[in-house]
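The basis for the numbers below is simple: all heavy atoms, side chains too, and nothing from hydrogens, waters or symmetry mates. Residue indices begin at 1 and follow the sequence shown.
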Amino acid sequence: MITASERIDSLAASIRLAKIDLNGIFLDKNDVTPCRAIELYLEKQLQMRVEKQNLLRRKKANLPFKKTLEEFDFGFQRSVTKEQMLRLADMTWLEQAYNICFLGPPGIGKTHLAAGLVSQALDLGYAAYFTTLDALMMLLKTEEISGKSRGALKYMRKAALITIDEVGFMPLSKDEANLFFRFVSEMSEKTSLIITSNKGFDEWADFLGDATITTAILDRLIHHCEIINMSGDSYRLTHRKSILG
Ligand code: ADP
Ligand code: MG
């Protein structure tokens, strides 16, 4: 004997709605009118759909770790203030395709803050993507031959925010510098970029290998950009954990 709740599940599945525990939504609710029952059921469907989309968006964002802005110790890193980050955390700058550059030496929290902002964007419902420059180069170079790379780039092109981490770690070839320019240029005015770099802008020509392309990249990048110069001691080195305690 099929129960009413099983029939509802089966009907829901046939129109691609989620399976819902009816006892869960009607528990403690006596005297629910038919209209109210439908409303409660649809509200639950909507909530589950949003949660599923949020999870999927987070998965697609390619974040290396879940670091949030709340976990950041602004007492330790004093070149950026909590107020500054809270202001950025409303994410309204994504609407104007503003960029942010975090510049400074290793271990001072550039990746943490960049990942924290991506996480915040995801929480607010924006599509966002996190990559290192190295991984981005790989995607761009294999776009023609790899469906996976094409898929990732297609997702990035529709995203509101892309973080490109670790710019300047490795020197780029002339072709790579050109690919990087084309990418930044394609994103400018439409997609916000967060760039982290251990090199100041005056040193970018060293790893990009060419003064003209460097000027062209920086020109696109800095036009609408918050530049956050960071300094200080490495958090990793200061909070180093020893095996011997
Ligand atoms: P960077 O990208 O500048 O090299 P990271 O963001 O990777 O530095 O930081 C290195 C590690 O230290 C990460 O695990 C990060 O979460 C942590 N960290 C750095 N700065 C802070 C901070 N001010 N408060 C809390 N954690 C921090
Ligand atoms: Mg980093």
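Under a 4.5 Å side-chain heavy-atom cut-off, the cluster of Ile, Leu, Val, Met, Phe, Trp and Tyr residues that includes Ile15 is completed by Leu17.
With a 6.0 Å radius and a threshold of 12 heavy atoms from other residues, nucleotides or ligands, Met48 has its CE atom above the threshold. The environment of Lys59 atom NZ is sparse: at most 12 non-hydrogen atoms of other residues, nucleotides or ligands sit within 6.0 angstrom. In the displayed structure, Lys190 atom NZ is contacted under 6.0 Å by more than 12 heavy atoms of other residues, nucleotides or ligands. For Met138, the CE atom is loosely surrounded, since the number of other residues' heavy atoms within 6.0 Å does not exceed 12. Within 6.0 Å of NZ on Lys82 lie no more than 12 heavy atoms contributed by other residues, nucleotides or ligands.
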Tell me which donor-acceptor pairs under 3.5 Å the side chains of residues 100-115 have, and how far apart each pair is, sequence neighbours excluded?
residue : atom : partner : partner atom : Å
Lys110  : NZ   : Gly104  : O            : 3.0
Lys110  : NZ   : Pro105  : O            : 2.7
Thr111  : OG1  : Asp165  : OD1          : 3.1
Thr111  : OG1  : Asp165  : OD2          : 3.0
His112  : NE2  : Thr68   : O            : 3.0

Return a table of donor-acceptor pairs under 3.5 angstrom between the side chains of residues 206-218 and protein atoms on other chains or two or more places apart.
residue : atom : partner : partner atom : Å
Asp210  : OD1  : Thr212  : N            : 2.9
Asp210  : OD1  : Ile213  : N            : 2.8
Thr214  : OG1  : Asp210  : O            : 2.6
Thr215  : OG1  : Ala211  : O            : 2.8

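Taking the ring axis of Phe65 as reference, the NZ or CZ atom of Lys67 stays within 45° of it and closer than 6.0 Å to the ring centre.
Every residue two or more places apart in sequence or in another chain that forms a salt bridge (charged side-chain N to carboxylate O under 4.0 Å, His left out) with Glu39 is listed here: Arg36. Glu43 is linked by a salt bridge (charged side-chain N to carboxylate O under 4.0 Å, His left out) to nothing, counting only residues two or more places apart in sequence or in another chain. Residues meeting the salt bridge (charged side-chain N to carboxylate O under 4.0 Å, His left out) test with Glu166, sequence neighbours left out: none.
Between the side chain of Gln45 and the backbone N or O of Leu42, no donor-acceptor pair lies under 3.5 Å. Between the His239 side chain and the Tyr235 main chain, a donor and an acceptor come within less than 3.5 Å of each other.
Electrostatic pairing of Glu144 and Arg150 does not count as a salt bridge here, judged by no charged N lying under 4.0 Å from a carboxylate O.
For an aromatic pair to be called close, the ring centres must be under 6.0 Å apart, and Phe76 with Phe74 fails this.
Inter-residue side-chain proximity for Ser192 and Trp93 is flagged as met; some heavy-atom pair is nearer than 4.5 Å. Side-chain atoms of Leu161 and Phe130, non-hydrogen and from C-beta on, never get closer than 4.5 Å to each other. Taking the side chain as every heavy atom from C-beta outward, Tyr126 and Glu95 approach each other to under 4.5 Å.
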Does Asp175 form a side chain to side chain donor-acceptor pair (under 3.5 Å) with Ser173? I'd like the steps, not just the answer. CA-CA 5 Å; Asp175 285 349; Ser173 69; 5.4 Å; no

- Evaluation steps, salt bridge (Lys or Arg N to Asp or Glu O under 4.0 Å), between Glu189 and Arg220: CA-CA 9 Å; Glu189 315 284 337; Arg220 301 288 190 289; over 6 Å; no

